[in-house]
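On a predicted model such as this, the values are computed, not experimentally measured, just so you know.
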Amino acid sequence: MIKKILLTSLISLAATQALAGDNRKNFDTNANGLIEIYDLKDLNALRSLTTDEEIGLYGHKELCVPAGGCVGYELMNDLDFDTNGDGKLDAKDTYWNKGLGWLPINTENFALEFNGNGHVIKNLMINRPNLKNVGLFGIAQGVVFNSLGITGPFVNIRGGKNVGILAGNLNYGTVYSVFTTGYVEGEFVGGLFGQTYSTSIQHVFSTASVIGNVPGPGGI
């Protein structure tokens, strides 16, 4: 039985790895207009976008089924910043970045949907006390976040001004069915967002510990 379970797990892992990366022929296999994010490498590739006309992955915006192209992204798995699975965050993990941790993604000049599909992003760490607008996303403009959690024993976010776990600064956004846990420190901070403006927020919660000016303007 143990061998059978192990074999099934390995097959599942191999299938996921085959779907991830930049060599896919289709980035939207379920044809719902959302590009599929399978791992942190896929997520990291979002930072190269500059306008909503470029919504794609690894420079391939054409690999989407809908005629009008894709409108956002969706998680297909839980993601974990403890990338080697040894129960700690350090230089052996891919996004350690010499102790600075994750560099926030900015979507300042375009709107998109980010659907977690009920998955969680685990152990997000950012240690950038001199950086403004800090979170998984830095400045998020017009983004729709839904069905997502950010949690884990190593969630620790330190930034300058406008600091949150999901986004440092969310403007003209929509947020529902989102939760976070962890620790946040900075000026104008929140467990979810350091600052928001003209944003619709429903069915969210955070049990994060926050230190700083709490919350920032519109922060949560």
Side-chain angles (χ1 to χ4, degrees), residues 32-37 40 42-44 46-47 49 51-52 55 70-81 102-126 131-152 155-210 212-220:
N32 66 352
L34 300 176
I35 294 169
E36 292 148 4
I37 302 293
L40 287 172
D42 286 351
L43 181 65
N44 191 57
L46 268 66
R47 68 180 68 258
L49 305 177
T51 72
D52 52 9
I55 290 179
C70 285
V71 296
Y73 301 85
E74 61 179 336
L75 294 187
M76 307 304 288
N77 301 296
D78 293 347
L79 308 182
D80 194 342
F81 281 92
W102 178 253
L103 179 65
I105 298 169
N106 288 317
T107 64
E108 186 173 3
N109 298 315
F110 57 97
L112 56 87
E113 179 179 350
F114 191 86
N115 188 334
N117 278 331
H119 292 294
V120 296
I121 297 175
K122 302 176 183 177
N123 299 317
L124 173 66
M125 188 278 286
I126 304 173
L131 184 65
K132 183 179 179 180
N133 301 314
V134 171
L136 180 70
F137 287 77
I139 298 177
Q141 187 86 12
V143 177
V144 177
F145 291 108
N146 66 88
S147 304
L148 174 67
I150 302 179
T151 188
V155 175
N156 191 307
I157 314 297
R158 295 180 67 237
K161 187 176 182 179
N162 302 335
V163 185
I165 294 176
L166 182 52
N169 194 336
L170 176 61
N171 300 316
Y172 304 103
T174 301
V175 185
Y176 57 94
S177 299
V178 171
F179 76 92
T180 65
T181 69
Y183 174 87
V184 188
E185 181 178 340
E187 180 182 359
F188 296 153
V189 299
L192 285 158
F193 310 103
Q195 178 169 288
T196 63
Y197 177 79
S198 193
T199 291
S200 172
I201 298 175
Q202 300 180 56
H203 306 299
V204 304
F205 75 89
S206 176
T207 60
S209 299
V210 294
N213 295 334
V214 185
I220 295 175

(Q) Using every non-hydrogen atom in the two residues, find where Leu75 and Asn117 come nearest and quote the distance to one decimal. (A) O-ND2, 3.0 Å
**Q.** Atom pair CD/CG of Glu74 and Leu34 - distance to nearest 0.5 Å
**A.** 5.0 Å
Q. Could you give the distance from CG (Leu112) to CG (Leu49), rounded to the nearest 0.5 Å?
A. 7.5 Å
Q | Heavy-atom side-chain proximity of Ile157 to Val134 below 4.5 angstrom | A | yes
Q.
Show, in sequence, the C-alpha distance, side-chain angles and deciding distance for Trp102 and Leu124, and conclude whether the side-chain contact (heavy atoms from CB on, under 4.5 Å) test is met.
A. CA-CA 7 Å; Trp102 178 253; Leu124 173 66; 3.7 Å; yes
Q) Centres of the Tyr176 and Phe145 rings: under 6.0 Å? A) no
Q.
What I'd like to find out is whether the side chain of Glu113 reaches to under 4.5 Å of the side chain of Asn146, using heavy atoms alone.
A. yes
Q | Backbone of Ser147 reached by a side-chain donor or acceptor of Ser177 within 3.5 Å | A | no
Q.
Within this structure, what is the CD1-CG distance for the pair Ile126 and Leu131, rounded to the nearest 0.5 Å?
A. 8.5 Å
Q.
Tell me whether Arg158 is salt-bridged to Glu185, with the criterion being a basic N under 4.0 Å from an acidic carboxylate O.
A. yes
(Q) Nearest 0.5 Å, please: how far is CG in Asn32 from CG in Asn115? (A) 8.0 Å
Q: Check the pair Leu148, Ile121 against side-chain contact (heavy atoms from CB on, under 4.5 Å), reporting the backbone distance first and the verdict last.
A: CA-CA 8 Å; Leu148 174 67; Ile121 297 175; 4.1 Å; yes
Q: State, yes or no, whether a side-chain contact exists between Ile150 and Leu166 at a heavy-atom distance under 4.5 Å.
A: yes
Q) Looking only at heavy atoms, which two atoms of Leu43 and Ile37 are closest? And how far apart? A) N-CG2, 3.8 Å
Q: Evaluate the ring planes of Phe205 and Phe179, with Trp represented by its six-membered ring, and classify them as parallel (under 30°), tilted (30 to 60°) or perpendicular (over 60°).
A: parallel
Q. For the residue pair Ala140 and Phe137, what are the closest heavy atoms and their distance?
A. CB-CB, 4.4 Å
Q. Does Arg47 reach the main-chain N or O of Asn106 with its side chain, forming a donor-acceptor pair under 3.5 Å?
A. no
Q: Mind running side-chain contact (heavy atoms from CB on, under 4.5 Å) on Val155 and Phe81 for me, showing each step along the way?
A: CA-CA 9 Å; Val155 175; Phe81 281 92; over 6 Å; no
Q) How close do Gly142 and Ala111 get, heavy atom to heavy atom, and via which atoms? A) O-CB, 3.3 Å
(Q) Testing the basics here: between Gly152 and Thr181, what is the closest heavy-atom pair and its distance to 0.1 Å? (A) N-OG1, 3.8 Å
**Q.** CG on Leu46 to CG on Leu136, rounded to 0.5 Å
**A.** 9.5 Å
Q. Between Leu170 and Thr199, what is the shortest heavy-atom contact and its length?
A. O-OG1, 3.4 Å
(Q) Would you say that Val178 contacts Leu192 through its side chain, given a criterion of any heavy-atom pair below 4.5 Å between the two side chains? (A) yes
Q. So how far is it from Phe193 CZ to Asn133 CG, rounded to the nearest 0.5 Å?
A. 13.0 Å
Q: Evaluate the side-chain contact (heavy atoms from CB on, under 4.5 Å) criterion for residues Asp78 and Lys122: first the C-alpha distance (whole Å), next the side-chain angles of each, then the deciding distance (0.1 Å), finally the verdict.
A: CA-CA 7 Å; Asp78 293 347; Lys122 302 176 183 177; 4.1 Å; yes
